[in-house]
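Below: the structure, in structure tokens.
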Amino acid sequence: MIPAKPLAVLPTHEVTNMPPHLGDQDLWQNDAALREGVAREGGGWTEQKLADFGKIAGAAEIFEKADQANRQGPEIRAFDRHGMRINQVEFHPAYHDLMAVAIENEVPNFAWRHAKPGSQVGHAALTYMFNQAEGGVLCPMAMTYSVVPALRQSPGIGDDWIPRLLSTSYDARDIPVEEKSGVTMGMFMTEKQGGSDVRSNSTRAEPLAAATGEGAEYRLTGHKFFCSAPMSDAFLTLAYSDGGLSCFLVPRWTPDGERNSLFLQRLKEKLGNRSNASSEMELQDTWGVMVGEEGRGVRTIIDMVQGTRFYCCFSSSALMRQGLVQALHHTRHRVAFQKRLVQQPLMQNVLADLAIEAEAALALTLRLARAMDERADDEGAAALARIGTALGKYWICKRAPGHVFEALECHGGPGYVEESIMPRLYREAPVNSIWEGSGNVMCLDVLRAMLREEAAVPAVLAELEAARGGNAALDAATTALDQELAQSEDLELRARGLTEMMAITLQGALLVQHAPAAVADAFCASRLGSRWTGAYGALPAGIDFDAIIERAVPG
Ligand SMILES: Cc1cc2nc3c(=O)[nH]c(=O)nc-3n(C[C@H](O)[C@H](O)[C@H](O)COP(=O)(O)OP(=O)(O)OC[C@H]3O[C@@H](n4cnc5c(N)ncnc54)[C@H](O)[C@@H]3O)c2cc1C
């Protein structure tokens with residue numbers, strides 16, 4: 001509930017030294033790194049839209065709805081009152097309100113609706129702001145955004161579905177898509193016997209007629225162990241047809257206007273991400289149409305996975321940013337030992353360290369967004385988008401849980417209590433590191449990009465070269481990375497270390513070129529120094545803590 005003005009005097013004591021409610025946030029105006037990054041990476045023309053949305057997404061009411069939607073999570077409604085199978089999910093009304101706000105403001109489709117240079121940057125910024133309030137709704141947004149490139153591979157199917165995905169109308173009704181004003185899509189690949197290893201899928205697809213291959217109709221039978229947003233209007237999935245593992249579009253309703261035989265088995269009870277429904281799904285003679293080439297299902301769906309992995313980068317950046325905002329608000333108002341917490345040297349060290357991590361995550365995310373914008377016409381950009389997404393997905397998502405925990409600890413006890421947003425952010429933080437390719441799998445994907453795509457490593461090195469001479473520690477780290485990359489032994493064993501080095505040096509190069517010196521110096525002096533353990537709050541002396549903190553959120 002948005003609190004009415006509270007009574008500050010209770011019968012036994014006067015309430016003092018407690019921070020005021022944060023209230024409405026301006027997620028655009030208060031975030032200098034976001035504003036600068038969007039302009040720098042080519043999204044300048046999206047600024048007005050982002051400025052407007054920063055107020056919408058930052059409204060206390062949106063945070064309140066997110067709290068409600070997570071407290072009272074979705075419930076399965078497998079059958080109606082007459083015992084008919086309906087496979088529905090019932091959500092708190094706040095969830096639907098949040099879905100409507102996201103879709104009406106183009107969160108799932110801005111990049112496709114305004115396809116021109118900078119649109120991926122604007123898209124990333126929109127999502128980053130919305131995700132600060134709520135992560136669960138972002139799952140269907142991520143999948144609806146990401147499915148478009150995969151559907152383009154089969155124009156016969158894409159021409160039908162993509163215009164529906166570009167709608168700005170949220171239509172939650174479970175009815176055939178022809179009758180709906182807007183649709184969302186999901187994907188299910190993971191099966192019980194294998195998630196990372198999708199080739200272990202056992203779901204079978206039999207053709208319904210003589211025609212086979214792309215665009216042909218099939219009947220799918222099998223199970224899927226994780227299916228998030230199961231109320232989506234359609235899903236991409238993988239199943240074995242005679243020609244090998246292939247990709248299929250499976251709608252909730254068949255083209256004949258009948259409910260497709262998708263059977264929702266149960267919803268998962270999850271650590272976090274509670275507003276989002278994640279289910280187990282049985283497919284029994286389920287109608288589907290093949291997308292992309294037969295036997296090339298992984299190749300087809302990987303275009304979607306690239307998008308959802310990219311989403312994980314700005315989602316984790318957003319969680320870090322919001323944790324930092326909350327920590328700064330608390331420590332600016334709370335006094336301990338006669339001084340505001342934000343003025344205590346050791347707390348300054350923690351806050352500044354959180355600020356540079358959040359800024360580095362955002363800088364890398366926005367740089368990748370520009371690479372996504374440019375990839376169609378520029379081989380180097382395509383290579384950077386490819387390897388950079390894997391690097392970012394690994395490193396940014398890996399850093400987020402510890403970051404949110406540290407921001408929580410800045411609050412002391414109240415940070416551990418549900419009325420603050422911090423427990424929800426904390427529970428949300430690990431998921432981005434697990435789904436869409438868990439940590440090790442992302443590092444192996446970095447290796448795959450390095451070994452299979454000639455332009456991948458040069459694309460990373462070109463980014464580092466651009467910053468050469470700007471910071472001695474960064475120069476030394478770039479040289480050390482060159483040496484590491486030159487060694488071809490034990491690559492798989494070393495994949496985490498290599499990925500981490502590439503990600504951190506990339507972040508350092510971006511900050512050295514574009515961030516204020518205080519931020520870049522602190523980042524390089526810590527992350528690229530010999531004593532860094534990864535824990536927050538151990539920045540060396542000589543750093544301009546005040547400047548970093550003031551930049552993060554003006555006091
Ligand atoms: C909340 C939530 C929602 C989800 N929603 C969906 C969804 O909508 N659709 C969908 O398809 N999936 C979904 N997933 C599933 C998710 O994508 C998988 O759980 C994930 O890809 C890992 O697969 P797995 O669980 O089978 O783990 P495994 O593949 O068994 O992996 C277990 C661990 O082993 C590591 N590992 C795997 N291979 C190697 C290797 N070669 N070398 C070293 N380490 C390795 C992994 O990194 C991981 O840490 C969801 C998961 C969660 C948690």
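Sequence positions, counted from 1, serve as the residue numbers for this chain. One-based numbering, in listed order, for ligands and for the atoms of each.
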Q: Please confirm whether the backbone N or O of Leu34 pairs with a side-chain atom of Arg321, one donor and one acceptor, at under 3.5 Å?
A: no
**Q.** Check ion pair Glu418-Arg427 (N to O, under 4.0 angstrom)
**A.** yes
Q) Going by the order shown, which atoms of ligand 1 are within less than 4.0 Å of some heavy atom of Glu436? A) 17 (O)
Q | Heavy atom of the protein closest to atom 29 (O) of ligand 1 (residue, atom name, distance) | A | Ser196 OG, 2.5 Å
Q. Looking just at side-chain N and O atoms, do Glu282 and Gln284 make a donor-acceptor pair shorter than 3.5 Å?
A. no
Q. Among protein heavy atoms, which lies nearest atom 43 (C) of ligand 1, and at what distance?
A. Asn440 ND2, 3.5 Å
Q. Are Ser315 and Asn131 close enough that a side-chain donor and a side-chain acceptor fall under 3.5 Å?
A. yes
Q: Report, in ascending order of atom number, the atoms of ligand 1 lying under 4.0 Å from any heavy atom of Phe188.
A: 9 (N), 11 (O)
Q.
Heavy-atom distances under 4.0 Å decide this one: backbone, side chain, both or neither, for Lys270 against ligand 1?
A. side chain
(Q) Between Tyr95 and Glu90, is there a side-chain donor-acceptor contact under 3.5 Å, judged purely by atom types and distance? (A) no
Q) Only one of Lys192, Gln265, Lys268 clears side-chain hydrogen bond (donor to acceptor under 3.5 Å, both in side chains) with Glu280; which? A) Lys268
Q | Best match, Phe235, Phe225, Phe226: closest heavy atom to atom 52 (C) of ligand 1 | A | Phe226
Q: Answer with side chain, backbone, both or neither: which part of Asn276 has a heavy atom less than 4.0 angstrom from an atom of ligand 1?
A: neither
Q | Protein heavy-atom partner closest to atom 18 (C) of ligand 1 - residue, atom, separation in Å | A | Thr190 OG1, 4.0 Å
Q | Protein residue, atom and distance nearest to atom 36 (N) of ligand 1, heavy-atom basis | A | Val441 CG2, 4.1 Å
Q.
Closer than 4.0 Å to some heavy atom of Val431 - which atoms of ligand 1 meet that?
A. 1 (C)
Q) Met189 heavy atoms, cut-off 4.0 Å: which ligand 1 atoms fall inside? A) 10 (C), 11 (O)
Q) Which residue owns the protein heavy atom closest to atom 47 (O) of ligand 1, what's the atom, and how far is it? A) Ser438 CB, 3.1 Å
Q. Nearest to atom 24 (P) of ligand 1 by heavy atom, Ala229, Gly272, Cys139, Gly195: which?
A. Gly195
Q: Measure Ser228 to ligand 1 on non-hydrogen atoms and call it side chain, backbone, both or neither using the 4.0 Å cut-off.
A: both
(Q) Could you tell me, atom by atom, which parts of ligand 1 come under 4.0 Å of a heavy atom of Cys227? (A) 8 (O)
Q) For atom 42 (N) of ligand 1, what is the nearest protein heavy atom, given as residue, atom name and distance? A) Leu444 CD1, 3.7 Å
Q: Mind checking the CE-CG spacing from Met281 to Leu262? Nearest 0.5 Å is all I need.
A: 5.0 Å
Q) Tell me, which protein residue and heavy-atom name are nearest atom 9 (N) of ligand 1, and how many Å apart are they? A) Met187 O, 3.0 Å
